[in-house]
Amino acid sequence: MGFKSDMLVCTPLECESGEEMLAAMEIAKKEGACIVELCIGSMSFSHISEVERLFTLRILPSILSFGPNYPKQPRRRYSETTRLEILKRALELDIEFVEIDHEVCTKELIDELKRQRSKTRIIVSNYVNKGVLTREKLADLIIDMQSTDADIIKLVIDVKSITDVAPLFHMLTHCQVPLIARAMGERGLISQLLGPKYGASMIYGSSGGKFIPGLPPLVSIKHVYKLENMNADTKIFGVVSNPVGHSKGPLLHNPAFRHTGYNGIYVPLLVDDIKEFFRVYSCNDFAGFSVGIPHKETAVNCCDEVHPLALSIGAVNTIVRRPMDGKLVGYNTDCEACITAIEDAFRERFVRNGEALHVSPIAGRLFVLVGAGGAGRAIAFGARSRGARVVIFNRNFERAKALAMAVSGEALPYESLNDFRAEKGMILANASAVGMEPNTDQTPVSKVALKSYELVFDAVYTPRNTRLLQEAAEVGATVVSGVEMFIRQALGQFKLFTGGLGTHPPLIYRLLVSNLNRLVIYISLLAFSLVPAPEDFMRKIVLEQF
């Protein structure tokens, strides 16, 4: 894989038999694992020779683990005699690592194993699921584990929030002994994706298509994130959303960073409380964020400054941390991305018909919007700015009315959407989550009702061709996929992430007033630091992989 020598990529193997373990090891090796954890607690065997055969035939360096008793992953409880016999055989066969649960570990046991071993290194592990662990509590726990004289210590923590992962990063940076750290669950995923930045020498990934919450697939470690490139200076970007698993952002931004030579990584961030997230992850290393459902409106109040367009919309989809003062600056790249995608689709059709357009093709048209959340607000303001007449449908009618008032439009009850056929040639824009994976059989508007629309846009991009778009095309409407909006808003975000944040007007004004020389220096630095967005490259990735 080309990983730097001091970082290992491990995958846990939990199989019923030794043969299944060996087959799973083959897959893990092909997918890029450097080492495997043999979870013996998952095996059923009639004689210890089956385990010995597994050790002998292993094709990757291995960790012998009996496995902590995770909820939903109960281990088999072998007798103490059996466990010690397995450990003894592992040492005789020079298994690279053996892992002992801190609950049953004693200094005497460690000393005995060290006397018997030749090359094997000893890991003492602790699975913690007792509330939030502070830095102080973690430090005390680590000191206690170090007292066993193990070669390596391992912490597996059950986290309730993504902010619970922060103390692990602190421990990785300051721990005086080799530390393996893993936070369980989807909210703990960044413990593996960002671990190498903070000095992790081993990270875990899943293999063989098996989904393990909190573990990135080995194939994504190898092809999407390329964690071997990460170092202490790597800037962190990510999508703040809930849910977040559907996001294609990592597939796009990570290759774009590498293509331009920018030292950054873009990761999924499953966030429940966005204000608490920004309070905890407040250092300059966390440099920029895409903001998704349901945080786009709340994000406005999390920013120190908000671009005027985003402020008028009342929704932020991009936040950058300004390097010089650490302030969070909010933007909205959804608005122009959606509206220009719709305009260009109209223009393409008019050009084919030999017509010329000198004004926006949206001007004067009836623009029907479904959804009044963050994306909906951006689309509504964009449509209004082009002179469209906006009608809004939303399940929460009060939200629809509030948005309609803000854009001088009209709100109608959601239940009347399928019966709304005010005129021919309308535009429909779906900014709701209806039709998004996994509910791909759903659509916000019936096929019969779609006959009244000349163009249909769907902000949903997973799947790429939603049921709404399929049925719209079948009745003859021009369709615009959410993928096109995604590409355009991502290009805007990339520019902001890699240097465009310095162009914020209030900052320029303050610098000009306070010190002209500082302004000249700042603009010079910006000229050197701004990384052009590789539009053709990013578009190619989206069209090939999404």
Side-chain angles (χ1 to χ4, degrees), residues 237 239-240 274-275 278 287-343 359-360 362-363 367 369 371-390 392 399 402-409 429 431 459 485-486 488-514 518-519 522-523 526-527 529-530 533:
F237 302 86
V239 52
V240 174
I274 189 172
K275 290 183 179 179
F278 285 122
F289 311 91
S290 307
V291 183
I293 296 171
H295 300 306
K296 294 187 179 189
E297 293 169 82
T298 307
V300 173
N301 296 324
C302 296
C303 297
D304 300 293
E305 297 178 17
V306 181
H307 186 275
L309 174 63
L311 195 61
S312 65
I313 293 171
V316 159
N317 82 312
T318 310
I319 296 176
V320 291
R321 193 182 304 277
R322 200 161 50 207
M324 61 175 53
D325 58 10
K327 299 290 187 183
L328 295 176
V329 185
Y331 299 87
N332 193 302
T333 65
D334 281 340
C335 181
E336 281 299 297
C338 170
I339 297 305
T340 58
I342 291 174
E343 287 179 323
V359 297
S360 171
I362 295 175
F367 193 103
L369 174 65
R377 293 188 66 85
I379 294 169
F381 274 85
R384 178 61 181 168
S385 73
R386 300 301 205 267
R389 296 170 288 136
V390 181
I392 300 162
R399 284 174 65 88
L403 179 54
M405 184 176 296
V407 296
S408 301
M485 176 181 174
F486 176 79
R488 296 179 187 221
Q489 65 82 28
L491 285 166
Q493 289 185 333
F494 188 89
K495 293 173 186 176
L496 292 168
F497 289 162
T498 57
L501 61 165
T503 58
H504 195 48
L507 174 66
I508 296 290
Y509 177 77
R510 288 202 303 274
L511 288 173
L512 183 61
V513 170
S514 62
R518 283 172 60 198
L519 176 62
Y522 179 75
I523 292 176
L526 178 61
S529 66
L530 186 61

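As the structure is a computational prediction, the values presented were derived from the model and not from experiment.
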Minimal non-hydrogen separation, Ala459 against Ala431, with atom names: CB-CA, 4.2 Å

Rounded distance (nearest 0.5 Å) linking atom OG of Ser290 with atom NZ of Lys296: 9.0 Å

Any donor-acceptor pair under 3.5 Å from Ser312 side chain to Leu309 backbone: yes

Qualifying residues under salt bridge (charged side-chain N to carboxylate O under 4.0 Å, His left out), relative to Arg384, sequence neighbours excluded: none

Check ion pair Asp334-Arg377 (N to O, under 4.0 angstrom): no

Verdict with reasoning, Val329 to Val306, per side-chain contact (heavy atoms from CB on, under 4.5 Å): CA-CA 6 Å; Val329 185; Val306 181; over 6 Å; no

Ile392 side, atom CD1; Ile379 side, atom CD1 - distance, nearest 0.5 Å: 11.0 Å

Atom of Thr498, atom of Phe494 and distance for their closest heavy-atom approach: OG1-O, 2.8 Å

Worked verdict on Arg386 versus Glu336 for salt bridge (charged side-chain N to carboxylate O under 4.0 Å, His left out): CA-CA 11 Å; Arg386 300 301 205 267; Glu336 281 299 297; 3.1 Å; yes

Main-chain N/O of Ala372 paired to Arg399 side chain as donor or acceptor, under 3.5 Å: yes

Rounded distance (nearest 0.5 Å) linking atom CD1 of Ile339 with atom CD1 of Ile362: 4.5 Å

Val390 to Ala383 - nearest heavy-atom pair and separation: CG2-CB, 4.1 Å

Value rounded to 0.5 Å, distance of CG in Asn332 from CD1 in Ile319: 11.0 Å

Counterpart residues, ring pair (Phe, Tyr, Trp, His ring centres under 6.0 Å), relative to Phe486 (two or more places apart): Tyr461, Phe546

Sidechain N-carboxylate O distance under 4.0 Å for Glu305, Lys327: no

Separation between SG of Cys335 and CG of Asn317, rounded to the nearest 0.5 Å: 10.0 Å

Considering all heavy atoms, the nearest Ala310-Gly330 contact: CB-O, 4.3 Å

Under 3.5 Å donor-acceptor, Glu343 side chain and Cys338 backbone: no

Any Val320 side-chain heavy atom under 4.5 Å of Tyr331 side chain: yes

Main-chain N/O of Leu328 paired to Asp304 side chain as donor or acceptor, under 3.5 Å: yes

Parallel, tilted or perpendicular: rings of Phe278 and Phe289 (30°, 60°): perpendicular

Pairwise salt bridge (Lys or Arg N to Asp or Glu O under 4.0 Å) hits with a residue in residues 306-317, at least two apart: none

Side chain proximity check, Leu369 to Leu403, heavy atoms < 4.5 angstrom: yes

Gap separating the NZ atom of Lys275 from the CG atom of Asn301, nearest 0.5 angstrom: 5.5 Å

Exercise: identify the closest heavy-atom pair between Ala299 and Val291: CB-CG1, 4.0 Å

Main-chain N/O of Gln489 paired with Thr333 side-chain donor or acceptor, under 3.5 Å: yes

